[in-house]
Novice: 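I'd like to ask some things about the structure below.
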Amino acid sequence: MSRHMALLLVALALAGCAQACIYKFGTSPDSKATHTGDHWDHSLNGENWEGKDAAGKPWVCKTGRKQSPINVPQYHVLDEKGSKIASGLQTKWSYPDLISNGTSVQVINNGHTIQVQWTYNYEGHATIAIPATHNESTPIVEVLHMHSGDASDRVTAVPTQFHFHSTSEHLLAGKIFPLELHIVHKITEKLEACKGGCFSVTGILFQLDNGPDNELLEAIFAHMPTREGTFTNLPAGTAIKLAELLPTDRDYVTYEGSLTTPPCSEGLLWHVMTHPQRISFGQWNRYRLAVGEKECNHTEAAAGAEEAGPHHHHHHHHRRLLHNHAAKLEEVASAAVSAEPKPYFRRVLEATEENPDAYTCKTVAFGQNFRNAQYANGRTIKLARDE
Ligand SMILES: *[C@@H]1O[C@H](CO)[C@@H](O)[C@H](O)[C@H]1NC(C)=O
Ligand SMILES: *[C@@H]1O[C@H](CO)[C@@H](O)[C@H](O)[C@H]1NC(C)=O
Ligand SMILES: *[C@@H]1O[C@H](CO)[C@@H](O)[C@H](O)[C@H]1NC(C)=O
Ligand SMILES: [Zn+2]
């Protein structure tokens with residue numbers, strides 16, 4: 001195809017959505033999220049994740065052999081293989097309530113997920129078994145290869161954030177769930193290999209029922225921002241009952257895996273709780289709207305209004321406004337032919353001082369933010385279950 005033809009097609013595509021374009025979650029021109037490294041989104045559920053991080057290091061999503069998520073085998077398959085974590089070596093979770101003082105706990109929409117973060121010294125933790133004697137290369141996943149009666153020690157894993165995926169990333173015996181919660185923990189003690197930080201994630205699945213909202217989830221979902229790159233402070237006194245978000249019966253399946261988003265780094269110790277929690281239809285729909293597809297307008301008239309309006313330049317100085325349609329076409333065309341892709345669109349209408357949350361994109365379709373299940377490639381997968 002000639003360069004001229006390519007330009008024409010791009011121009012036509014743009015003209016086709018000059019009034020209102022539909023963007024996937026993670027790509028909205030209205031987003032306040034910042035990206036480091038190559039851009040990515042969930043539109044192909046991870047199948048196209050080839051790129052580099054901010055430091056130029058290639059992602060391992062397509063090349064790694066120990067990727068997450070996986071399809072978790074049925075209990076009886078693991079039982080028959082004797083693939084069990086001895087009771088003395090099982091991970092233990094201790095989570096007091098996470099309580100906001102008004103500014104210390106945030107619910108963030110980062111354009112890839114809805115995430116909860118905190119700025120105070122939360123006391124929650126998990127403890128993970130390691131061998132009593134270890135060397136500089138003993139990994140955090142060593143518990144997978146330990147046996148009942150082995151002399152052991154424990155490391156403390158401190159939660160750093162938690163976030164959600166819809167639908168679930170892990171499958172239980174082939175079954176997909178509407179939601180999965182990931183509690184991300186960091187380990188920095190005892191093991192030489194964890195000096196720079198090792199990670200362990202606990203995954204909790206949610207199944208859909210016709211009951212009322214799950215109040216434990218509601219403490220978070222009631223404050224879920226729908227605009228990418230923004231956050232909400234949880235009101236003072238709001239408590240997130242993390243211990244109750246874990247199922248009462250803490251049976252889990254554990255294996256060595258990876259981050260489920262770029263750069264897909266491996267060496268993580270995964271725990272997937274095998275007893276699902278519950279989510280209401282209303283909550284599932286609201287979550288999917290927050291990670292939904294957005295319609296954004298890019299009109300000449302709107303650009304003019306922006307120029308004429310009294311309040312615009314206070315809030316988003318960093319956004320370059322496009323003054324006319326021709327300039328926009330030119331930018332799109334040049335982005336299409338240059339090797340380095342760059343953002344195609346700029347936001348046209350801005351929030352005002354009176355209404356800082358007003359924005360020109362609106363959610364028009366339910367979304368999803370999960371990565372497809374990956375091959376197990378013969379990995380050790382063990383069940384931890386009280387007899
Ligand atoms: C809330 O917690 C944050 C982080 O620990 C602290 O900086 C801030 O002073 C606290 N605010 C109030 C009102 O206690
Ligand atoms: C270090 O310990 C691991 C088990 O944690 C073992 O597999 C490995 O062989 C040991 N390496 C050395 C150099 O001793
Ligand atoms: C975009 O413009 C159309 C036509 O004016 C309007 O119906 C629609 O609501 C607008 N969408 C947004 C997100 O402002
Ligand atoms: Zn996750």
Novice: Quick check on side chain to side chain contact (heavy atoms under 4.5 Å, CB included): which of Asp97, Leu242, Val158 does Tyr122 satisfy it with?
Specialist: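 Testing each of Asp97, Leu242, Val158 against Tyr122, the sole residue satisfying side chain to side chain contact (heavy atoms under 4.5 Å, CB included) is Leu242.
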Novice: Run the ring-centre check on Tyr252 versus Trp270 and record whether the distance is less than 6.0 Å.
Specialist: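 For Tyr252 and Trp270, the ring centres are not under 6.0 Å apart.
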Novice: Could you give me the CA-CA distance, side-chain angles and deciding distance for Tyr287 and His165, then say whether ring pair (Phe, Tyr, Trp, His ring centres under 6.0 Å) is met?
Specialist: CA-CA 9 Å; Tyr287 178 84; His165 298 273; 8.6 Å; no
Novice: Do Arg288 and Phe366 meet the cation-pi criteria used here (NZ or CZ under 6.0 Å from the six-membered ring centre, within 45° of the axis)?
Specialist: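 The answer is yes; both the distance and angle limits are met.
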Novice: Could you check Leu269, Thr127, Ile130, Ile140 and say which one makes a side chain to side chain contact (heavy atoms under 4.5 Å, CB included) with Ile187?
Specialist: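 For Ile187, the side chain to side chain contact (heavy atoms under 4.5 Å, CB included) test succeeds with only one of Leu269, Thr127, Ile130, Ile140, which is Ile140.
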Novice: Could you tell me whether Trp40 and Trp49 have their ring centroids closer than 6.0 angstrom?
Specialist: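 Distance test on ring centres: under 6.0 Å, yes.
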Novice: Using ring centroids (six-membered ring only for Trp), state whether His145 and His147 fall under 6.0 Å.
Specialist: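 So the answer is no for these two rings.
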Novice: Taking Arg286 first and then Asp213, would you say they form a salt bridge - that is, a charged N and a carboxylate O separated by under 4.0 Å?
Specialist: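 Salt bridge present between Arg286 and Asp213.
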Novice: Parallel, tilted or perpendicular, judged at 30° and 60°: which one describes the rings of Trp93 and His271?
Specialist: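 Perpendicular.
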Novice: Going by atom types only, do Arg385 and Gln90 share a side-chain donor-acceptor pair under 3.5 Å?
Specialist: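 Per modelled atom types, Arg385 and Gln90 side chains form no pair under 3.5 Å.
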Novice: Under 3.5 Å, side chain of Glu228 to main-chain N/O of Phe25, donor-acceptor pair present?
Specialist: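 It does not hold such a pair.
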Novice: Judged by atom type as modelled, is there a donor-acceptor pair below 3.5 Å linking the side chain of Ser258 to the main-chain atoms of Glu266?
Specialist: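 Answer holds: no.
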Novice: Does Arg278 come within less than 4.0 Å of Asp209, counting only side-chain N to carboxylate O?
Specialist: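 The answer is yes: the pair qualifies as a salt bridge.
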Novice: Check Leu205 against Ser168 and note the closest heavy-atom contact, atom names and distance.
Specialist: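 In this case the closest contact between Leu205 and Ser168 is CD2-CB, 3.5 Å.
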Novice: Could you tell me whether Lys62 and Glu50 make a salt bridge, using a distance below 4.0 angstrom between a side-chain N and a carboxylate O?
Specialist: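 Not counted as a salt bridge, because no side-chain N and carboxylate O are separated by less than 4.0 Å.
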Novice: Are side-chain N/O atoms of Gln277 and Gln207 paired as donor and acceptor at under 3.5 Å?
Specialist: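 No, no side-chain donor-acceptor pair sits under 3.5 Å.
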